[in-house]
Amino acid sequence: MNATVNANEARKIRLVMQLRQSGIQDIEILNAIERVPREHFIPEAMSDQAYEDIAVPIGLGQTISQPMVVASMIEALELTDRHKVLEVGTGTGYQACVLAKLARRVYTIERHRPLWGIAEANFKELQMRNITTLCGDGMKGWPKIHGIEQAPFDRIIVAAAAREKPPTLLLEQLNIGGIMIIPVGEAGSQMVKRYKREADDTYSIQDIMPVRFVPLLPDIARDKPTSEEKERVPA
Ligand code: SAH
């Protein structure tokens, strides 16, 4: 083991203790976070920040989510190893890996092709066999591919903020009894919300925590971030 690996191990243990002290009670989630090497998902120049409890830029105006936010959102998801999960906003794949340690299978969609490529490479390198990826618009949900339908999902987690409400097509891909966790609101006043599908057209809604997320945007992205994306990147 070299010095960097040792330093990262020590930082990782400190981070997990910090998450516990900040109120994350689910041991399975803390274990999953301990088992995912976050430095793999961060540009090399910033890998010394891998185990700080902060969001870090990953290019194209996007960020890797803050560990405390990942842990809190997954806790609110009430995940078990029987669940089929849809994640919208793969980024470089960090949260998908944490989800994959806890769920049966994870489907994840990213609209920036270069990030999707990085995530794919990360999943391969870490030998994650229960993650299926797609470069596309997650606001439309998971599409039928070669005639195969994956929806409905037991759980849906969205890693970018919807302006006013969750996209209808996503709500429709939730199983009855299923839970969706999604940040909603304009930059500066976003709230993570929990939608539980109680019946065909009945959803109960609960506020979880205030957050700062990049915006949920439609369509596959062009190569460069739009001015809106640049403006709305969290500090
Ligand atoms: N899950 C990531 C978070 C990445 S930030 C992690 O663990 O670090 C959120 C990501 O959502 C960005 O990469 C952004 O490009 C993506 N995104 C925004 N709108 C999207 C959409 N409609 N479909 C798919 N991805 C989207």
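Scope of the values below: all heavy atoms of this structure, side chains included, with no hydrogens, waters or symmetry mates.
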Taking atom types as modelled, find out whether T133 and W116 have a side-chain donor-acceptor pair closer than 3.5 angstrom.
-> yes

With side chains defined as the heavy atoms from C-beta onward, is the minimum distance between M180 and Q173 less than 4.5 Å?
-> no

Can you measure from NZ (K140) to OG1 (T168) and round to the nearest 0.5 angstrom?
-> 13.5 Å

Please check if the side chain of R111 supplies one atom and the backbone of L217 the other of a donor-acceptor pair under 3.5 Å.
-> yes

Tightest non-hydrogen contact, residues A161 and G185, listed as CB-O, 4.1 Å

Salt bridge between R113 and E120, side-chain N to carboxylate O under 4.0 Å?
-> no

Nearest heavy-atom neighbours spanning P167 and I182 = CD-CD1, 4.1 Å

Salt-bridge present (D207, K193; N to O < 4.0 Å) = yes

Stepwise side chain to side chain contact (heavy atoms under 4.5 Å, CB included) test for I145 and L134 = CA-CA 10 Å; I145 300 172; L134 183 72; 4.0 Å; yes

Only residue of Q18, Q66, R14 satisfying side chain to side chain donor-acceptor pair (under 3.5 Å) with E52 is R14

Within the side chain of T202, is there an N or O that forms a donor-acceptor pair under 3.5 Å with the backbone of E198?
-> no

Check whether any side-chain N or O of N8 sits under 3.5 Å from a backbone N or O of E39 as a donor-acceptor pair, and report yes or no.
-> no

To the nearest 0.5 Å, tell me how far I181 CD1 sits from Q206 CD.
-> 8.0 Å

Should M128 and I42 be regarded as members of a common hydrophobic cluster, given that ILVMFWY residues are connected when their side-chain heavy atoms come within less than 4.5 Å of each other, either directly or indirectly?
-> yes

Would you say Q49 and I54 make side-chain contact, with heavy atoms under 4.5 Å?
-> yes

I131 to A96 - nearest heavy-atom pair and separation = CD1-O, 3.8 Å

For the residue pair I33 and V16, establish whether any side-chain heavy-atom pair is separated by less than 4.5 Å.
-> yes

Side-chain donor-acceptor contact under 3.5 Å, T90 with E110 | no

Does the pair I118 and F123 meet the rule for a side chain to side chain contact (heavy atoms under 4.5 Å, CB included), with working shown?
-> CA-CA 9 Å; I118 292 170; F123 299 149; over 6 Å; no

Looking only at heavy atoms, what is the nearest atom pair of L170 and G141, with distance?
-> CD2-CA, 3.8 Å

Carboxylate-amine/guanidinium proximity below 4.0 Å for E34 and K12 | no

Return yes if some donor-acceptor pair links the side-chain N/O of D137 with the main-chain N/O of I220 below 3.5 Å, else return no.
-> no

Given side chains that start at C-beta, do those of V88 and L216 come closer than 4.5 Å, heavy atoms only?
-> yes

Any donor and acceptor pair, going by atom type alone, linking the side chain of Y51 with main-chain N or O of R38 inside 3.5 Å?
-> yes

Pick from V98, I58, V56, V70: which one makes a side chain to side chain contact (heavy atoms under 4.5 Å, CB included) with S65?
-> V70

Is there a path of hydrophobic side-chain contacts, each under 4.5 Å between heavy atoms of I, L, V, M, F, W or Y residues, that connects I74 with M209?
-> yes

Work out which heavy atom in V211 is nearest to a heavy atom in P183; give both atom names and the distance.
-> CG2-CB, 4.1 Å

Calculate, to the nearest 0.5 Å, the distance between atoms CD and CG belonging to Q25 and L19 respectively.
-> 13.0 Å

Would you say E149 has more than 12 foreign heavy atoms packed within less than 6.0 Å of its CD?
-> yes

Stepwise side chain to side chain contact (heavy atoms under 4.5 Å, CB included) test for R194 and K196 = CA-CA 6 Å; R194 176 187 191 269; K196 183 163 189 202; 4.3 Å; yes

Does the side chain of F41 come within less than 4.5 Å of C97's, by heavy atoms?
-> yes

Can you tell me if D81 uses its side chain to pair, donor with acceptor, with the backbone of R104 under 3.5 Å?
-> no

Has the side chain of K84 got a donor or acceptor atom that lies under 3.5 Å from a matching backbone atom of R105?
-> no

Got a donor-acceptor contact below 3.5 angstrom from the Y203 side chain to the L171 backbone?
-> yes

Closest heavy-atom contact between G91 and A119?
-> O-CB, 3.7 Å

Can you tell me how far CZ of R82 sits from CG of D154, rounded to the nearest 0.5 angstrom?
-> 9.0 Å

With side chain to side chain contact (heavy atoms under 4.5 Å, CB included) as the test, would you mind laying out the steps for V85 and L79 before giving the verdict?
-> CA-CA 9 Å; V85 183; L79 210 52; 3.5 Å; yes

In this structure, CD1 of I64 is separated from CG of L115 (nearest 0.5 Å) by 11.0 Å

Residue pair P166 / Y195, side-chain heavy-atom distance below 4.5 Å | yes

Flag yes if M17 and I29 sit in one hydrophobic cluster, no otherwise; membership is Ile, Leu, Val, Met, Phe, Trp, Tyr, and two members link when side-chain heavy atoms are under 4.5 Å apart.
-> no

Say whether M68 and M73 are linked into one hydrophobic cluster, either directly or through other cluster members, by side-chain heavy-atom distances under 4.5 angstrom.
-> yes

Salt bridge or not for R197 and D200, using N-O below 4.0 Å?
-> yes

Taking the side chain as C-beta and beyond, is there a heavy-atom pair between E186 and Q190 under 4.5 Å?
-> no

Within-4.5 Å side-chain heavy-atom neighbours: E78 and I179 = yes

Is a donor on one side and an acceptor on the other found under 3.5 Å between the side chain of R35 and the backbone of L30?
-> no

Hey, does the side chain of H83 reach the backbone of T80 with a donor-acceptor pair shorter than 3.5 angstrom?
-> yes

Separation between CD (Q150) and OH (Y107), nearest 0.5 Å, reads 3.5 Å

Check whether L86 and I148 end up in the same hydrophobic cluster, where Ile, Leu, Val, Met, Phe, Trp and Tyr are linked by side-chain heavy atoms less than 4.5 Å apart.
-> no

May I ask you to check whether over 12 heavy atoms, not counting those of M191, lie within 6.0 Å of atom CE?
-> yes

If you count the non-hydrogen atoms of other residues, nucleotides and ligands that lie under 6.0 Å from CD in E28, is the total more than 12?
-> no

